[in-house]
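Read the structure below first, then the notes.
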Amino acid sequence: MTNYREILRLDSLGLNKTQIAEACGCSRTTVIQALNQAEVKCIRYPLPEAMSDKELAQLLYPAKAAKPEYKMPDYDYVHKEMLKSGVTLNMLWLEYCDVCRMNGELAYQSTQFNKYYNDYLAKKNATMHLNHKPGEILQVDWAGDTASVVDTDTGEIIKAYVFVAALPYSGYTYVEAFPSMNEECWISAHVNAFSFFGGVAKILQCDNLKTGVEKHSRNEVRLNKSYNEMAEHYNTAVIPCRVKSPKDKAMVEGTVGVISTFIIASLRNRRFLSFRELNDAIAERLYEFNHKPFQKRDGSRSSEFEEEKLFLTSLPKRHYELSTWKIATVGPNYHISVDKMNYSVPYEYIKHKVDVRITKGVIEVFYGGNRICSHARLYGRANQYSTIEAHMPEKHQQYVQWNGERFKKWAIKIGKNTNIVVAAILSGYKVEQQGYKSCMGLLKLADKYTPERLENACTKALTFAARPSLKNIQAILASGQDKSEIDIEEKKTVSSSQYGFTRGAGYYEGRDK
């Protein structure tokens, strides 16, 4: 754009038109036309301070300043459409022209349309150099390239997935190989990285992988429970990168590329028979990588880290213990099942869904975010029970308070043989508690019948078997086998007296004679 302000200023200084043209970088004709227009419009230098160059140009050349206005395309829309399969820039330009024609607006030609789109892309894809603060961010990721370990038993090649953690300020890096990229390996990698650095950064920056982030939308970020719990333990915050935005963690992305060459590629021809052997070799190369001098500045990653280490948060007193979470439903027996073992929950939560946190040594149960109970984790044979008495209803607690000695004391009050049967029932089980239900059922028969009849039934049952069961006693009582022959005869006599004299067979014999 011609600098009309400068032309007028130089003219006021007495320079000729040729000198003004050379100083302003325009033709002599342009200078002459501008000075003529200024004279016609009565414009003299110095100009008013509020007058801009654009306003001056409009005063000198009103018709020239009024250029046709073209409709600027919506390049946000254009860019989104370009991401769709089969859509071309020319197709979108034609659609843009049709819309402008319908609205009576001027449309850009295809060359200008394309130029403005390229300008839009340049701005959208612009990169920015970030000045990271020491100890602020730790960026983590899995390397795209893998190493390998040979199985000593089968000779099979096992993939080794390489975890990389980098501090952007110093570039100091931690690398470790794992047999999988599952949650257990992901958490263990972080714990080992924190130990390696000797401290924790304020922010953890990771990709949106499922072992770390369950959901990442515009309005919500939901972390994996174990990953979030680990972050809380180490007093750090997890901030995932934007979806499909690897430049958010450019340092670790760049480091991954260097690691792939400097460490993984350099070990490609070596055979490792265990992950420990592989990680020892990685540690040697990692030491060289961290102590390698910078190319464009003094020092190394290691020397820079000595300064950054002072800004890291100190490690907690104990390492984080990996935990897994599951959802369980409390059964009618107020127990939940975890790995084929049963753990009690307060009976008020029967039929409710609870969150269960599982570690190597402890089972913790949560409801609504509050811990309602915990148990030492059971191991060994399946279907074991860990029951806390306070979790039971009152009636069940009373039952649990019974023991073998109490059943025997109750039985001896009924009779000697009843006590023998109770002792036999209790000794008939591997675990004494398994016989409590039968003992309770046996002794309750004294209420239904009488203590005397129960004692007689036990006496009779012992003549059949050394260890009679509850069913044997119940059968004897139900059939009346516990009653003696004398009792039966007395019953017959009592029955006859109730209904008067009954003629017997002798009476009818005399009649036949």
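The structure places CH2 of Trp93 at 8.5 Å from OG1 of Thr111, a figure rounded to the nearest 0.5 Å. Rounded to the nearest 0.5 Å, atoms CG (Leu278) and OG (Ser148) are 8.0 Å apart. Taking CZ from Phe178 and OG from Ser188, the interatomic distance works out to 6.0 Å, rounded to the nearest 0.5 Å. Note that CG of Leu426 is 10.5 Å distant from CZ of Arg467, once rounded to the nearest 0.5 Å.
In summary, the aromatic rings of Tyr343 and His375 are positioned with their centroids under 6.0 Å apart. When ring centroids are compared, Tyr172 and Phe196 come within the 6.0 Å threshold. Taking the six-membered ring where the residue is Trp, the centroids of Phe194 and His319 are separated by 6.0 Å or more.
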Is there a salt bridge (Lys or Arg N to Asp or Glu O under 4.0 Å) between Lys115 and Asp119 once you walk through the steps?
CA-CA 6 Å; Lys115 175 194 176 297; Asp119 292 344; 2.9 Å; yes

Start with the C-alpha distance between Asp74 and Tyr96, add both sets of side-chain angles, then the distance that settles side-chain hydrogen bond (donor to acceptor under 3.5 Å, both in side chains), and finish with yes or no.
CA-CA 9 Å; Asp74 181 359; Tyr96 155 74; over 6 Å; no

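The 12-atom threshold is exceeded at CG of Asn383, counting heavy atoms of other residues, nucleotides or ligands nearer than 6.0 Å. The environment of Met72 atom CE is dense: over 12 non-hydrogen atoms of other residues, nucleotides or ligands sit within 6.0 angstrom. Other residues, nucleotides and ligands contribute only 12 or fewer heavy atoms inside 6.0 Å of the NZ atom of Lys80. Counting heavy atoms of neighbouring residues, nucleotides and ligands inside a 6.0 Å radius, atom CZ of Phe294 exceeds 12 of them. Atom CD of Gln109 has 12 or fewer neighbouring heavy atoms from other residues, nucleotides or ligands inside a 6.0 Å radius.
Counting heavy atoms from C-beta outward, Leu443 and Thr418 have side chains that approach closer than 4.5 Å. Within the 4.5 Å cutoff, the side chain of Val175 has no heavy atoms near those of the Ile264 side chain. Contact annotation: the side chain of Tyr227 approaches that of Cys206 to within less than 4.5 Å [non-hydrogen atoms, C-beta and beyond]. Residues Leu167 and Phe311 are not in side-chain contact: their nearest non-hydrogen atoms beyond the backbone lie 4.5 Å or more apart. Counting heavy atoms from C-beta on, the side chains of Thr313 and Thr236 never come closer than 4.5 Å. At a threshold of 4.5 Å between non-hydrogen side-chain atoms, the residues Tyr117 and Leu121 count as touching. Counting heavy atoms from C-beta on, the side chains of Ile327 and Asp355 come closer than 4.5 Å. Annotation: side chain of Asn333 is in contact with side chain of Tyr385 (closest heavy-atom distance under 4.5 Å).
By the side chain to side chain donor-acceptor pair (under 3.5 Å) test, His335 is found to be paired with Thr387, residues two or more places apart in sequence or in another chain being considered. Residues passing the side chain to side chain donor-acceptor pair (under 3.5 Å) test with Tyr367: none are found, sequence neighbours excluded. Applying the side chain to side chain donor-acceptor pair (under 3.5 Å) test to Tyr234 and every residue at least two apart in sequence or in another chain returns nothing. Residues passing the side chain to side chain donor-acceptor pair (under 3.5 Å) test with Asn419: none are found, sequence neighbours excluded.
Here salt bridge (Lys or Arg N to Asp or Glu O under 4.0 Å) pairs that include residues 328-345, with residues two or more places apart or in two chains, are Asp339-Arg377. Within the structure, salt bridge (Lys or Arg N to Asp or Glu O under 4.0 Å) contacts touching residues 169-186 (residues at least two apart or in different chains) do not occur.
Applying the ring-ring contact (aromatic ring centres under 6.0 Å, His included) test between Phe113 and each of Tyr120, Tyr70, Tyr75 identifies Tyr75 as the sole match. Between Val200 and the options Leu312, Leu138, Asn235, Leu315, a side-chain contact (heavy atoms from CB on, under 4.5 Å) holds for only Leu315.
Panel note: side chain Ser302, backbone Asn290; no donor-acceptor pair is recorded below 3.5 Å.
Checking Asn472 against Ser469 by side-chain atom types alone, a donor-acceptor pair falls below 3.5 Å. Under 3.5 Å, the side chains of Ser300 and His291 contain no donor-acceptor pair of N or O atoms.
Looking at Arg301 and Glu304, no side-chain N of the basic residue comes within less than 4.0 Å of a carboxylate O on the acidic one, giving no salt bridge.
Using a 30° and 60° split on the angle between ring planes, Phe305 and Phe197 fall in the tilted class, from 30° to 60°.
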